[in-house]
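Quick one: this structure, given as structure tokens, is what I'll be asking you about.
Fair warning: this is a prediction, and the values are worked out from it, not measured in the lab. Residue numbering restarts at 1 for every chain, and letters A, B, ... go by the order of the sequence lines.
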Amino acid sequence: MKKVATRFAPSPTGPLHIGGIRTALFNWLYSRNKSGEFYLRIEDTDKERSKDEHKTQIINSLKWMGITHDGEEYIQSEKIDEHVKIAKELLEKGYAYKCYCSAEEIEEQKKRAKQKKIPYVYDRKWRDISEDEAPKNIKPVLRFKSKIEGSSILKDLVQGDVEIENKTIEDFVILRNDGTPTYNLSASVDDYYMNMTHIIRGDDHKINTFKQIQIYEALGWDIPFFAHIPLIHTINGKKLSKRDHASTLEDYSKIGILPEALRNYLLRLGWSYKDKEIFDLEESIKYFNLEGIGKSPSKLDMSRILSMNEYYIKNCEENSLYEKFREYCDIYKDKIKKEKEYSIKSSLIFLKNKAKTLEDIFNNSKYILNDTVTFNESDKNLINDEAKKIINLFKENILELNVFDRRNLEEIVNKLIKSNNTNFKGIGQPLRISLTGSRFGPGIYDIILSLGKDEVVKRLSDIG
RNA sequence: GGUCCCUUCGUCUAUCGGUUAGGACACAUGGUUUUCAUCCAUGAAAGAGGGGUUCGAUUCCCCUAGGGACCGCCA
């Protein structure tokens with residue numbers, strides 16, 4: 001049994017979106033599950049559209065998700081010579097031929113096909129014409145001589161047997177007229193040289209697979225296993241594209257989604273293991289298999305991502321949650337000031353129970369992060385003279401406190417409830433508003449303790 | 001239009017011929033609570049339609065409908 005090897009092969013012609021990330025995740029998980037290898041191959045042979053910034057974005061995205069590849073990144077454009085060599089070999093062996101059709105001629109064929117409402121397939125014109133008749137002014141492309149008779153069966157590890165008539169596969173171009181290789185050739189050659197055992201990729205590659213298998217066969221190479229996973233659809237049921245809202249990783253990281261939450265969500269999107277919903281990293285690797293992959297496309301569901309994230313935040317130990325939060329603020333908000341660090345850190349225990357995202361934590365901790373209180377106007381209006389009186393009484397009481405702790409604070413509050421003939425709300429609400437600017441927020445004792453006596457007195461004095 | 005794929009609650013899914021069709025998210029209601037949340041309980045919610053096969057079909061087969069992917073000298 002050969003050692004399992006998988007790869008993720010994105011093209012840097014646009015930012016990597018969440019569908020690509022899932023493909024990468026599945027490949028990675030599969031290889032890890034089999035104690036195999038996982039490689040990253042950058043398919044940058046489209047010189048026009050490939051951009052370095054996208055390559056960087058792809059690599060950073062994978063890194064953020066914790067998907068690590070073995071060895072160096074494989075840069076496809078560096079291997080073009082190999083691909084051309086194989087193309088020549090195919091020509092010599094009679095598996096390919098030069099096609100002298102002009103671009104106009106091909107356009108014409110396509111137009112006609114469209115008019116007649118019949119599918120366009122290259123008419124294989126030059127397949128059997130002698131090269132002696134070739135026009136001198138046209139640089140030929142190299143086409144693969146596809147099978148015409150019979151049909152082929154793809155034994156897909158997800159979809160089962162897929163049968164297709166060979167004649168529906170056209171004689172596809174393997175070398176452009178500028179001598180550069182095209183995708184199907186390059187991908188096949190690379191996969192072969194990289195010793196790939198399993199090709200796990202999006203459903204949209206299925207036709208390519210039939211082409212690539214023919215190349216393998218022509219060269220006498222062992223054919224790897226293929227698994228075509230269903231695509232992720234938008235809420236409108238269409239293939240997810242780079243242009244769709246909330247499709248790149250950055251769209252998620254900037255609102256404070258944790259990579260482990262997204263990983264768990266993506267894992268369960270189109271894959272399942274019994275009724276299990278939560279998979280930590282170890283479990284993901286342990287349970288992942290191809291059998292659990294569903295056949296139908298699935299839609300992205302933001303509320304599910306959010307609730308998964310909420311779960312991971314709640315179950316994250318405070319110190320490591322602080323690190324994540326600090327990093328998040330560094331990148332997307334303001335750096336946390338040194339003197340606020342302790343206070344934030346010790347508040348996470350209650351802050352995290354109110355948060356679905358790191359951004360929620362940020363919003364709920366603004367009263368600590370900022371030195372001045374920003375009031376919600378309608379909330380501020382709730383502070384009437386009666387409320388001010390209580391605020392002042394409370395302030396006087398804590399001023400006399402030697403030990404500033406929860407028990408003593410509770411005692412004061414209870415005393416004030418009695419002496420002022422009010423209820424908890426009558427005290428808690430004005431305090432919360434004057435300390436945080438809003439009537440919504442963490443528990444009042446949590447707020448007071450996280451701010452510290454001096455700051456509390458200062459803020460109460462400002463309003464009272 | 002051609003080829004191929006798909007179809008269980010709104011969403012993600014379990015079920016591998018016999019179940020009151022299960023879970024999770026979202027939603028609704030109630031409870032706990034110190035506001036907002038959390039948490040807990042309860043509820044509503046699904047086999048696209050039609051034929052077969054079978055003692056019995058969500059499950060196997062066929063047809064129809066709906067949805068999707070591909071149809072580049074892009075990857």
Counting side-chain heavy atoms from CB outward, which of B/U13, B/C6, B/C25 is closest to A/Ser298?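 So the side chain of A/Ser298 is nearest to B/U13.
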If you measure from the P atom in B/U20 to the same atom in B/C39, how many Å do you get, rounded? 32 Å
Can you say whether a donor on the side chain of A/Arg432 sits under 3.5 Å from an acceptor on the base of B/U34, or the other way round?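 Such a pair is found, so the answer is yes.
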Closest approach to the side chain of A/Arg304, judged atom by atom: which nucleotide of B/G23, B/A69, B/U34 is it?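 Selected nucleotide (nearest to the side chain): B/G23.
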Which of the following nucleotides, B/C12, B/U38, B/C5, is nearest to the side chain of A/Asp203?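 Nearest to the side chain of A/Asp203 among the choices is B/C5.
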Is it the case that the base of B/A75 and the side chain of A/Asn208 share a donor-acceptor contact (distance under 3.5 Å, atom types as modelled)? yes
Quick one: label A/Gly443 by what it contacts on the DNA or RNA (base, sugar-phosphate, nothing), any heavy atom closer than 4.0 Å.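 Base, at least one base atom sits under 4.0 Å.
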Atom pair distance, as rounded to whole Å: CD1 in A/Ile174 and C1' in B/A75: 17 Å
Determine: side-chain N/O of A/Thr182 to OP1/OP2 of B/C73, distance under 4.0 Å, yes or no. no
For B/A75, is there a stacking contact with A/His205, counting only centres under 5.5 Å and planes under 30°?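 Here A/His205 meets both the 5.5 Å and the 30° conditions.
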Could you state the atom-to-atom distance from CZ of A/Arg143 to C1' of B/G72 in whole Å?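 Checked: the CZ to C1' distance equals 10 Å.
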Of A/Leu231 and A/Trp271, whose nearest nucleotide on RNA chain B comes first from the 5' end? A/Trp271
